[in-house]
Amino acid sequence: MFRPALAGLALAAATLAIPGTATAQPAREPVVIKDVTFPTMPLGELQRSIKDDRGINLGGVGSGLFPAARRGDFWMVTDRGPNGQLTVNGEKRRTFPIPEFAPAIVQVATRFGVEIKKYIPLVGRSGKPVTGISNQQGHDELPYTWDGQTALPYNPSGVDTEDIVRARNGDFWLVDEYSPSLLHVSARGVVIARYVPAGLNLTGADYPVRHVLPGILATRPQNRGFEGLAINGNTLYLAVQSPLQNPTKAVGDKSRVARILTFDIRRGRVTGEYAYQFEDVTTFDPKVNGDQSQMKISGLVHVGGDRLLVDERTDNVARIYQINLAKAKNLLGGRYDRADTTPSLEALSDLSAVRPAPKSLVVDLSVVAPTLPGKVEGIALLDPRTLVVVNDNDFGLGEFGTDGRLIDSGVKTRIVTIRLPKPLR
């Protein structure tokens, strides 16, 4: 168990609201008040289904962060597990060093470092672990073994979980990057149902699959499905990580328009769809040389009413914005959900007709780099002045030795608590 390292490092913040975009203005400085690091725990000691963990420790839990009942405790979720990409014979291949790994819900306490209180691997109706392996040919990448030499079978039950919330009845809701999809999960980790885009035709899963999301969402870029999730009573908010490749990859890569959806838990259906405008990457993060496709939404938090916090980032820069969906236009079921609409939502340069959610900058996390970790993917709000963020360390994946054992990257998972200069409203 580790003791928290307290820091008094400063962040820059601003609160100027401009519809669809945001510009920083000087403000009082937020302060880091707690910074704790995950302990080193071999995956093979946490999941009995793992035959060989190849020297990989628990990681990837920074994909989601949701406050538990006791202050300082959080619910977190791993992503699909250790994975990488190798080039073999000129072909890029998605590798899974531990193909039997099951994405897991993790409860942690952070009063004195990080203590793992619960570890709940996801399972299907049969009780067998749900893996993180790609689902289906033509929609997902072909999975390979750790060395990229042997293809693995697709798994229609596999999920790439990325964010988590807990409902009042104790059930969990998770989002997934593959379909993209929304998962309803019991307190014991059993997948109750998975909601996927209409027309996806995902069959053979070890749980019910409901094709109720807008079909256009199936055009998400590879590994860029849902990554942000928030909850308010019986309403869920889901954010697609990147602009859809609609109608083409070239359009999606240059687009600044993502989509945020609302979902009614009681009715089991989508109730709203809204445009979100990314910042221009050339000023947001000059290090990526104008590559707009590096912009992502990686986390959501409900603030109050129709207001949300949004974690907008590249791998180098992360900023938290507040948006108001009440002032955005609901596009659900309209022309921008149809594949034949020209120009598509993603191709629009003038967004006045679709009214994206107005946004204001709450805090720029990047100005304390390298003190704050990169890849901040999970965010939580403890009270109107206390923000908590966590990074995704990708399970410490670096290179593998000739023996198939991991040479760890040394990147750790950190949970950082920040005191904001004034309460959110």
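- Enclosure of atom CZ in Arg335 by more than 12 non-hydrogen atoms of other residues, nucleotides or ligands within 6.0 angstrom is indicated.
- Note that CG of Asn246 and CD1 of Ile216 are 4.0 Å apart. Values are rounded to the nearest 0.5 Å.
- Looking at Arg256, its side chain never comes within 3.5 Å of a backbone N or O of Leu348 through a donor-acceptor pair.
- With salt bridges taken as basic N to acidic carboxylate O contacts below 4.0 Å, one links Asp52 and Arg405.
- When all heavy atoms are compared, the tightest approach of Val281 to Gly290 is CG1-C, 3.6 Å.
- Judged purely by atom type and a 3.5 angstrom limit, Thr95 uses its side chain to pair as donor or acceptor with the backbone of Gly84.
- In this structure a side-chain-to-backbone donor-acceptor pair under 3.5 Å is present from Gln292 to Glu279.
- If you check the side chains of Gln47 and Tyr119, you find a donor sitting under 3.5 Å from an acceptor.
- Between Trp146 and Phe96, a ring centre-to-centre spacing not shorter than 6.0 Å is recorded.
- Residues Arg355 and Tyr274 bring no donor and acceptor atom of their side chains to less than 3.5 Å of each other.
- The salt bridge (Lys or Arg N to Asp or Glu O under 4.0 Å) with Arg220 is formed by just one residue from the set Asp140, Asp176, Asp160; it is Asp140.
- In the displayed structure, Gln137 atom CD is contacted under 6.0 Å by at most 12 heavy atoms of other residues, nucleotides or ligands.
- Judged purely by distance below 3.5 Å, without hydrogens or angles, the side chains of Thr235 and Asn232 never pair a donor atom with an acceptor atom.
- When only modelled atom types and interatomic distance are considered, Ser49 and Glu100 share no side-chain donor-acceptor pair under 3.5 Å.
- Under a 4.0 Å N-O distance rule, the pair Lys92/Glu141 does not qualify as a salt bridge.
- Although no hydrogens or angles enter the test, the distance criterion places no donor-acceptor pair under 3.5 Å between the side chain of Asp171 and the main chain of Ala167.
- For the pair Lys329 (side chain) and Ala357 (backbone), a donor-acceptor distance under 3.5 Å is absent.
- Between the side chains of Ser179 and Arg194, at least one donor-acceptor pair of N or O atoms lies under 3.5 Å.
- Of the inter-residue distances, the one linking Ser242 atom OG with Lys296 atom NZ reads 7.0 Å to the nearest 0.5 angstrom.
- Atom NZ of Lys128 has 12 or fewer neighbouring heavy atoms from other residues, nucleotides or ligands inside a 6.0 Å radius.
- The side chain to side chain contact (heavy atoms under 4.5 Å, CB included) test with Leu174 singles out one residue from Val159, Val165, Asp163, Leu122, and that residue is Leu122.
- For an aromatic pair to be called close, the ring centres must be under 6.0 Å apart, and Tyr276 with Phe278 satisfies this.
- With respect to the salt-bridge test (charged N to carboxylate O, under 4.0 angstrom), the residues Asp264 and Arg269 do not qualify.
- Side chain of Thr110 to backbone of Gly113: no donor-acceptor contact under 3.5 angstrom is found.
- Between Trp173 and Phe263, the angle of the ring planes lies from 30° to 60°, which puts this pair in the tilted group.
- With hydrogens and angles ignored, the 3.5 Å screen pairs a side-chain donor or acceptor of His211 with a backbone N or O of Asn201.
- A donor and an acceptor atom, one from each side chain of Asp285 and Thr314, are located under 3.5 Å apart.
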